[in-house]
Amino acid sequence: ATATVKPPTTTLDDIFISVKTTKNYHRKRLPIILKTWFQLARKQTWFFTDTDDAEFQLKTNGHMINTNCSSSHSRKALCCKMSVEFDSFLNTDKRWFCHFDDDNYVNVPRLVRFLGDYNPKDEWYLGKPSIQAPLEIVKKEKKTVKKIKFWFATGGAGFCLSRALAVKMMPFASNSRFISTGERIRLPDDVTMGYIIEHLLKQPLTVVDQFHSHLEPMKFIRKDTIEDQLSFSYAKAKEEWNVVKIDGFSETEDQYRFLSLHCFLFPYFSFCPRRR
Ligand code: UDP
Ligand code: MN
């Protein structure tokens with residue numbers, strides 16, 4: 001007899017959610033995350049930072065990881081953090097690695113349903129580029145200079161890797177090798193990720209439009225599609241805030257719009273206004 005083999009059902013517990021943060025952003029950026037989407041994935045979400053912080057260690061129930069990487073925005077420091085995120089994922093039995101920045105809002109139940117459409121035993125690199133064409137770099141190898149092109153998923157929008165892909169990446173990324181690979185091409189962590197996956201392993205990026213970084217205007221996300229989106233972000237661009245356009249709390253109460261977004265998605269949450 002033949003049986004139809006369905007991909008395994010994905011649950012929240014199959015996902016390792018890592019958030020990159022830094023000393024100076026704990027008080028500024030973590031409280032809104034802890035109040036909102038973190039509450040829906042308290043056991044699955046880990047914060048990768050560059051210092052010990054007793055206050056936030058308590059607030060995250062022990063989910064702050066001090067990478068001992070330098071607390072600068074340098075390429076080396078960021079690749080160092082990504083390398084610890086990657087190794088921490090490999091040390092779990094989770095099927096998916098999803099990376100986000102600390103200015104992302106993650107739509108947790110949507111992320112779970114989304115990953116359910118993919119088999120983690122296949123190689124998946126799921127994310128969204130921030131440029132219109134693949135990145136072109138010159139690669140110096142011994143005495144020859146080669147032009148190479150590859151896509152990469154913007155770290156600030158969030159991206160996910162299947163375990164099968166992560167295992168294939170190990171020769172270039174595990175046990176701190178992510179740092180040396182990053183050093184070799186001298187490019188940021190998310191670009192290094194794309195270089196390893198698309199160029200070295202020849203596994204293409206699957207473009208997922210539902211990831212959003214603040215490199216795109218948040219105001220263009222339509223209200224009737226908000227529930228379909230996987231991530232959001234915020235930033236101050238010159239005088240104006242680039243934030244999701246959504247009604248709810250006042251601008252003074254909710255500058256980043258994440259409280260309003262959370263109450264739109266989960267109206268019965270404790271801090272959301274009771275509606276009749
Ligand atoms: N970040 C970091 N070290 C730094 C500065 C930033 O780890 O010295 C992290 C920060 O917590 C965030 C990401 O890098 O998760 C992007 O930082 P930011 O939003 O400030 O800059 P962007 O690159 O988005 O303009
Ligand atoms: Mn940012």
Side-chain angles (χ1 to χ4, degrees), residues 16-38 41 44-53 55-57 59-60 63-89 97-107 111 127-131 135 152-161 176 178-179 182-183 186-194 211-221 229-244 255-258 261:
F16 182 86
I17 302 177
S18 75
V19 178
K20 177 170 70 184
T21 188
T22 185
K23 185 169 73 183
N24 291 329
Y25 286 165
H26 292 181
R27 279 159 181 272
K28 209 169 153 183
R29 294 186 175 187
L30 298 191
I32 188 89
I33 293 180
L34 298 184
K35 191 171 178 182
T36 59
W37 67 265
F38 175 73
Q44 297 77 13
T45 306
W46 299 87
F47 297 90
F48 291 81
T49 189
D50 37 41
T51 187
D52 288 323
D53 185 331
E55 181 192 342
F56 280 89
Q57 199 57 274
K59 287 179 172 165
T60 60
H63 279 222
M64 299 288 289
I65 294 175
N66 182 357
T67 58
N68 291 312
C69 300
S70 113
S71 60
S72 73
H73 205 142
S74 68
R75 174 178 38 86
K76 205 169 178 179
L78 297 180
C79 281
C80 173
K81 250 173 224 171
M82 182 61 79
S83 135
V84 180
E85 290 176 49
F86 185 78
D87 283 337
S88 304
F89 163 70
F97 168 56
C98 296
H99 159 95
F100 296 94
D101 277 359
D102 58 7
D103 50 8
N104 282 136
Y105 177 96
V106 182
N107 187 355
L111 182 67
K128 191 186 200 174
S130 53
I131 47 179
L135 185 74
F152 67 94
T154 303
F159 60 81
C160 297
L161 313 179
S176 310
F178 191 90
I179 305 172
E183 273 305 288
R186 306 193 150 268
L187 288 165
D189 52 345
D190 50 358
V191 184
T192 302
M193 203 49 102
F211 287 108
H212 301 283
S213 80
H214 55 68
L215 295 172
E216 47 177 306
M218 288 294 125
K219 64 181 177 194
F220 292 145
I221 301 173
Q229 310 307 322
L230 294 164
S231 65
F232 306 88
S233 191
Y234 61 82
K236 197 174 183 177
K238 288 177 194 144
E239 287 305 291
E240 241 181 281
W241 278 90
N242 178 11
V243 291
V244 178
Q255 194 163 46
Y256 306 151
R257 308 315 291 156
F258 282 6
L261 195 54

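Both ligands and their constituent atoms are indexed starting at 1 by order of listing. Computed from a predicted structure; not experimentally measured. Computed over heavy atoms, backbone and side chain alike; hydrogens, waters and symmetry mates excluded. Sequential numbering from 1 along the given sequence is applied to the chain's residues.
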> To which of Asn104, Asp103, Asp102 does the heavy atom nearest atom 10 (C) of ligand 1 belong?
Replying inline: Asp102

> According to the interplanar angle, ranging from 0 to 90°, do the rings of Phe97 and Phe86 count as parallel (below 30°), tilted (30 to 60°) or perpendicular (above 60°)?
Replying inline: perpendicular

> For ligand 1, which part of Leu78 has a heavy atom less than 4.0 Å away: the side chain, the backbone, both, or neither?
Replying inline: side chain

>> Test of understanding: given a 4.0 Å heavy-atom threshold, classify the contact between Ala77 and ligand 1 as side chain, backbone, both, or neither.
In response: neither

With a 3.5 Å distance limit and no angle check, can you tell me whether [X] reaches the backbone of [Y] through a side-chain donor-acceptor pair?
X	Y	result
Asp53	Glu55	yes
Thr154	Ala157	no
Lys23	Thr51	no

>> Tell me whether Asp102 is salt-bridged to Lys20, with the criterion being a basic N under 4.0 Å from an acidic carboxylate O.
In response: no

> Using 4.0 Å as the upper bound for N to carboxylate O, is an ion pair formed by Asp189 and Lys81?
Replying inline: no

> Counting each atom of ligand 1 from 1 as listed, which ones have a heavy atom of Ser72 under 4.0 Å away?
Replying inline: 3 (N), 4 (C), 8 (O)

>> Does Phe38 form a ring pair (Phe, Tyr, Trp, His ring centres under 6.0 Å) with Phe47? I'd like the steps, not just the answer.
In response: CA-CA 11 Å; Phe38 175 73; Phe47 297 90; 5.6 Å; yes

Among protein heavy atoms, which lies nearest [atom], and at what distance?
atom	result
atom 16 (C) of ligand 1	Asp101 OD2, 3.5 Å
atom 7 (O) of ligand 1	Lys81 NZ, 2.7 Å
atom 18 (P) of ligand 1	Arg29 NH1, 3.7 Å
atom 21 (O) of ligand 1	His73 CE1, 3.5 Å
atom 14 (O) of ligand 1	Lys20 CE, 3.3 Å
atom 20 (O) of ligand 1	Tyr25 OH, 2.8 Å
atom 24 (O) of ligand 1	His214 NE2, 2.9 Å

> Would one find an N, O or S atom of Asp103, in either backbone or side chain, under 2.8 Å from the Mn ion (ligand 2)?
Replying inline: yes

> the Mn ion (ligand 2) is nearest to which N, O or S atom of His214?
Replying inline: NE2

> Would you call Gly156 a ligand 1 contact, heavy-atom distance under 4.0 Å?
Replying inline: no

>> Can you confirm whether or not the ring centre of Phe258 sits under 6.0 Å from the ring centre of Trp37?
In response: no

> Got an N/O contact under 3.5 Å between Asp50 and ligand 1?
Replying inline: no

> Side chains of His212 and Ile221: closer than 4.5 Å at any heavy-atom pair?
Replying inline: yes

> So which of Phe56, Phe16, Trp46 actually passes ring pair (Phe, Tyr, Trp, His ring centres under 6.0 Å) with His63?
Replying inline: Trp46

